[in-house]
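Okay, structure first, notes after.
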Protein chains: 2
Amino acid sequence: MWPWADLGTLDEAALRRRGLQLRLADLWTPGQGGLAEAVVNLNDGCTASFVSDDGLLLTNHHCAYGSIQRNSTPGRDLLKDGFAARTRKDELPGHGAKIFVFVGQEDVTAKVLAGLAPDLADEARARAVEAREKALVGECEQRPAARCRISRENDGVRFLLLETREIRDVRLVAAPPAALGEYGGETDNFQWPRHTLDFALIRAYVGPDGKPAEPAPANVPYRPRRHLRLAPGGVAEGDLVMVLGMPGRTDRYATATALEEEVTWHYPRRRELFRAWGEVLASAAKEIPAARLLVASRRKGLDNALTHAEGMLAGFARRGILAARQAEEAAYRRWLAADPGRQQRFGGALDALTAWERAAGQTRDLDFLLRYLVGGVDLIAFAATITRWAIERQKPDAERERGYQDRDRASLLAALKHAQRSYHPAADQRAAGFFLERLRRLPAGSRLAALDRALGPSKVKAFVERLYRGSRLHDETVRVALFDRPLAELRKQKDPALELLLALRPELDAYEARQRARAGARLRLRPPYLASMVAFRGKQFYPDANLSPRASFAHVAGYAPRDGAWHRPFTTLSGLLAKHTGKDPFEVPAALREAVKAGKHRGHVVPALGDVPVCFLSNADTTGGNSGSPALNGRGEVVGLNFDRVYENVSGDFGYRRETSRNVMLDVRMIRFYLGEVMGAPGLLPTPRR
Amino acid sequence: MWPWADLGTLDEAALRRRGLQLRLADLWTPGQGGLAEAVVNLNDGCTASFVSDDGLLLTNHHCAYGSIQRNSTPGRDLLKDGFAARTRKDELPGHGAKIFVFVGQEDVTAKVLAGLAPDLADEARARAVEAREKALVGECEQRPAARCRISRENDGVRFLLLETREIRDVRLVAAPPAALGEYGGETDNFQWPRHTLDFALIRAYVGPDGKPAEPAPANVPYRPRRHLRLAPGGVAEGDLVMVLGMPGRTDRYATATALEEEVTWHYPRRRELFRAWGEVLASAAKEIPAARLLVASRRKGLDNALTHAEGMLAGFARRGILAARQAEEAAYRRWLAADPGRQQRFGGALDALTAWERAAGQTRDLDFLLRYLVGGVDLIAFAATITRWAIERQKPDAERERGYQDRDRASLLAALKHAQRSYHPAADQRAAGFFLERLRRLPAGSRLAALDRALGPSKVKAFVERLYRGSRLHDETVRVALFDRPLAELRKQKDPALELLLALRPELDAYEARQRARAGARLRLRPPYLASMVAFRGKQFYPDANLSPRASFAHVAGYAPRDGAWHRPFTTLSGLLAKHTGKDPFEVPAALREAVKAGKHRGHVVPALGDVPVCFLSNADTTGGNSGSPALNGRGEVVGLNFDRVYENVSGDFGYRRETSRNVMLDVRMIRFYLGEVMGAPGLLPTPRR
């Protein structure tokens with residue numbers, strides 16, 4: 001997961017021996033860009049890549065899911081039937097989809113850290129760093145359509161200012177039916193062998209002047225500076241692949257103390273929460289027919305999060321990650337003790353860090369619930385957004401909380417609107433009851449005093465009923481009308497949801513202050529510790545994933561999921577059809593089955609496999625956020641599309657393992673076969689010259 | 001699955017190229033015997049093999065299960081703790097275990113078939129053939145301790161008279177705890193990767209004069225003519241292995257019509273029956289605590305039968321066995337039609353066979369239930385045995401039904417006694433209710449008239465209650481006392497179970513007559529059809545398994561269970577430990593875990609695996625009955641112990657497939673490690689000279 005900024009420091013000769021054919025400098029050179037520019041951030045959580053000079057982007061079906069869903073109507077169900085635009089005019093609005101094209105980067109470490117008082121308290125330290133980051137971002141965003149962010153690497157070892165160009169008119173071009181785009185569903189999620197056609201094509205549009213513009217019919221396709229070429233062939237086992245994208249979060253350098261908390265407390269707690277919360281929504285979906293479709297997307301997310309937590313715990317148990325970290329830490333301590341110079345340079349770093357980590361665990365029960373409450377209950381999220389915006393707007397822009405500056409206004413408002421498409425008050429009420437009941441049951445010292453006061457002698461159930469009966473925020477127009485209103489006016493509404501959030505605000509602020517103090521402590525304690533780890537390990541290592549652009553150099557490779565078994569690196573069309581049961585999630589649409597019956601796949605058979613490839617594995621280092629990342633061959637041509645990891649690699653977030661760290665990609669040859677022979681749209685993808 | 005009698009017809013040069021190092025004639029020569037003599041029939045359902053010159057036999061834990069269970073007491077639980085006899089005196093009684101050592105064979109086809117009238121009706125034909133078989137068996141058994149049987153190959157293509165020496169004093173020498181002998185339980189049954197230490201050591205004893213004798217303290221270890229040597233090393237992927245044993249039943253040459261019946265009617269019916277019956281016993285075990293242990297063994301059998309039926313149906317569905325057979329049959333018909341000579345020789349064979357098969361299906365619902373009723377309900381089995389024995393004893397020995405001749409008396413009586421160890425009247429009553437209810441619900445034309453009369457206006461439940469309240473057959477001493485009593489005396493007992501069985505007798509006889517007519521029709525129709533298939537396929541093929549001794553020549557080989565996955569041919573000790581959850585069926589006993597912690601396995605690590613091997617796969621052709629079969633290397637030394645097949649090979653009974661037909665063996669190196677380092681009994685197995 002090397003930052004693009006660091007590609008120049010890699011051993012290019014070694015990579016050439018492994019199969020690299022282009023120059024690393026051609027991939028990305030700070031200040032000049034390169035082929036990697038074709039790879040963009042999609043919706044701040046996915047990756048996409050330009051594959052034509054007229055703005056066509058390849059990404060995952062699950063990354064374009066919102067656009068596909070929002071373009072679906074009872075009469076025209078794109079999730080069911082799939083979609084391929086025959087002409088530009090047929091391309092459909094993105095309904096909120098946006099991309100961020102990388103423009104440049106700057107190392108701003110000195111600017112962020114210069115002159116920071118060494119004795120700042122943690123919260124103040126975090127605020128000071130944030131203020132400088134915000135100033136840098138604000139300055140950067142003076143440029144037209146610029147969206148900038150700070151990539152804070154390993155809690156402050158380095159700060160990079162990343163500049164992107166935001167394009168907000170991103171239309172839907174093609175997607176297979178969800179039956180293929182999600183083939184295998186939750187059953188196959190994180191699994192291998194995999195046969196999921198998780199791809200979609202979207203296109204970026206800009207104003208007729210070539211500049212980013214709001215979605216409009218007169219817009220024209222964006223002409224990216226660079227786009228990727230599709231490989232005329234594909235890859236074979238052992239071939240080099242490069243996966244470029246925006247991985248979201250890893251925690252590779254946690255101390256044994258922090259890791260123990262993840263293993264013994266945090267992930268068990270997550271598993272329990274997601275399971276119980278999922279059951280609440282499942283019973284809502286069962287008992288309230290109208291809510292079924294509306295909560296489907298969140299249920300899917302919870303299922304995925306549950307599988308993720310289970311995979312994490314299984315990986316912890318099976319791979320002995322904690323024991324390995326403890327052993328490394330013991331070796332590190334011996335290494336420290338062996339040399340007075342080391343002692344002096346690094347001696348206190350680990351002890352200080354673990355001492356703080358132990359102390360920070362004291363409010364974990366409350367903090368854990370608060371983390372999910374606001375995001376997990378829509379009505380609370382609505383009220384939180386509206387009241388918080390009113391509070392923050394009282395301050396000068398630069399002093400506001402991140403996420404509540406003028407630059408964030410449009411997306412806050414959009415979220416208040418778009419939420420309506422998956423909002424069902426009665427189902428949401430059950431989620432509210434679920435969370436408030438858990439908050440209410442915390443031990444006395446940990447509870448939210450404001451919640452206790454709001455509830456009074458009421459049971460949670462009765463309180464929540466009043467809350468949902470009394471609030472008007474269920475209505476999209478009401479939410480939009482209340483947004484931008486001054487705080488005093490909000491108070492006058494006497495809306496129980498707004499009142500609850502205003503009452504909770506001081507305690508939510510305290511929660512944020514604790515989070516900020518944590519960030520400050522990490523800024524203070526982690527860089528010296530990590531510097532000592534570099535010295536101990538005797539080599540550099542890449543910073544934890546943080547949604548900034550990375551490249552992973554890897555090979556197509558199978559792996560042993562367990563003793564006596566081997567996962568081969570390719571799956572095939574025959575294997576996809578063999579899984580067909582006719583029932584969700586293994587229902588192959590008739591069009592594909594008939595195309596195969598008619599022999600249309602024959603021209604796409606790869607001799608070495610005796611079949612059409614569907615998915616393949618590599619040992620690339622990926623995590624959430626890499627969805628939609630292109631996999632390139634040694635010449636920089638697209639050979640696959642990353643969309644998942646294997647179960648044995650879920651816990652890879654806490655440590656890459658050569659033996660089991662595998663990502664799952666859709667083979668570009670399958671995409672070409674499917675678009676050309678099944679969707680009848682061979683012209684959609686630029687034809688590679690052999 | 002070549003009969004030992006035919007080993008001389010195989011292409012020995014080709015086998016030598018595949019890795020055979022001994023001469024086939026040394027393995028077995030009709031009239032002279034050979035190394036294969038070391039392989040014996042255990043309990044008429046398993047295989048075992050002599051591995052020492054003093055009667056020590058290696059077999060499966062599940063084949064010695066009865067002996068292990070019957071030697072267990074609350075104070076000394078051999079299933080829980082395992083067992084290893086320190087001295088001969090510590091060896092434990094076999095409680096009914098017996099082996100049959102092969103002595104010789106004779107082709108008696110001419111004797112059985114000579115002069116059989118061609119126009120005999122099917123039932124009469126079957127009776128005539130049976131009578132000749134019985135006469136030959138009776139003559140053979142004149143020799144001391146001889147137990148003889150006819151191997152009727154492919155419904156009469158050949159008849160072999162097999163002579164064995166029965167040894168009835170077979171003692172328990174060693175067994176691992178069931179936690180290892182059944183490691184993985186029903187979860188891993190038929191599965192790979194597998195880590196089950198399914199082995200036991202038993203020893204054959206004879207009278208001081210060296211002749212078979214009833215179990216007695218004065219008996220001495222049997223000295224077999226031949227015994228197997230344990231390989232000093234083991235096998236590696238690709239090595240030749242020979243599996244010798246007594247496979248029970250295959251149906252490789254069924255017509256498409258018969259196979260369709262299996263696919264669409266018989267196995268779906270079995271799956272449904274075993275599931276429902278299993279649920280009846282499960283609820284009995286739950287609600288009647290005293291019955292739990294007693295029904296455990298039958299529940300285990302039903303679980304296994306259910307998994308087997310499911311595997312069969314999955315294999316039918318996935319492997320397209322029926323479609324392949326239909327295609328072959330169509331090709332066969334074209335082949336027939338292409339040549340008037342063939343038409344004349346074979347023309348009617350298939351049509352006659354399928355016409356009869358279609359007609360025979362008419363009583364299938366009743367016959368299906370009757371097949372399981374007598375074996376499935378103990379009280380009914382007791383009454384059936386006692387009444388049937390009384391009826392048959394009225395006839396001269398040679399005219400009696402098979403299984404009710406004087407030669408069978410001892411085992412009938414033993415069964416009446418031994419059943420007590422797993423009999424619980426209240427649990428059995430539920431099984432009786434289950435079957436009688438199903439019989440009662442058959443359509444009017446198919447029902448048992450005698451059952452309808454016996455029930456009268458009663459509900460099945462009330463009838464069964466009276467049956468179990470009124471019968472005295474629950475008592476072992478009553479059963480033994482009633483055995484050998486004349487029919488008239490049995491009638492006087494007024495025991496409702498005896499009365500029910502006497503009332504049902506005519507209809508049970510009619511069922512047997514139908515079965516016998518089936519056998520007669522097969523004797524008449526299958527040999528000409530199979531002769532035509534030999535001509536069509538242009539090569540000989542081995543007869544269906546029928547519990548007669550066979551040899552399979554194979555290689556150590558992995559396989560692809562499905563697209564994108566590969567099952568590697570070896571599992572390891574690390575893999576066994578990785579499955580340990582501490583909960584049944586994955587609870588590794590502390591002794592093994594501690595032995596590994598203490599590094600006692602290190603001397604047993606195989607460099608190529610970097611670990612101690614546990615199980616391995618080969619493409620040998622095996623089925624039920626091969627349990628306990630030794631796997632030999634090219635020199636004829638024991639390298640493994642067959643104990644299961646993989647799930648993808650369950651449907652192999654209807655067709656061997658090179659791609660997925662794999663059997664599962666325990667590696668002899670694991671046995672040696674376990675006995676030596678964990679049980680502390682390295683001397684039990686003869687030490688091989690390297």
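Lettering of chains follows the sequences in order, A, B, ..., and the numbering in each one begins at 1.
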Taking every non-hydrogen atom, the tightest pair across B:Asp563 and A:Thr572: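 What the structure gives for the nearest pair is OD2-N, 2.7 Å.
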Residue among B:Gly564, B:Pro561, B:Gly558 with most heavy-atom pairs under 4.5 Å to chain A: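 Between B:Gly564, B:Pro561, B:Gly558, the count favours B:Gly564.
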Most contacts with chain A, counted as non-hydrogen pairs under 4.5 angstrom, among B:His195, B:Arg568, B:Arg194: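 Among B:His195, B:Arg568, B:Arg194, the one with the most close pairs to chain A is B:Arg568.
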Part of A:Ala578 lying under 4.5 Å from any heavy atom of chain B: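 Neither part.
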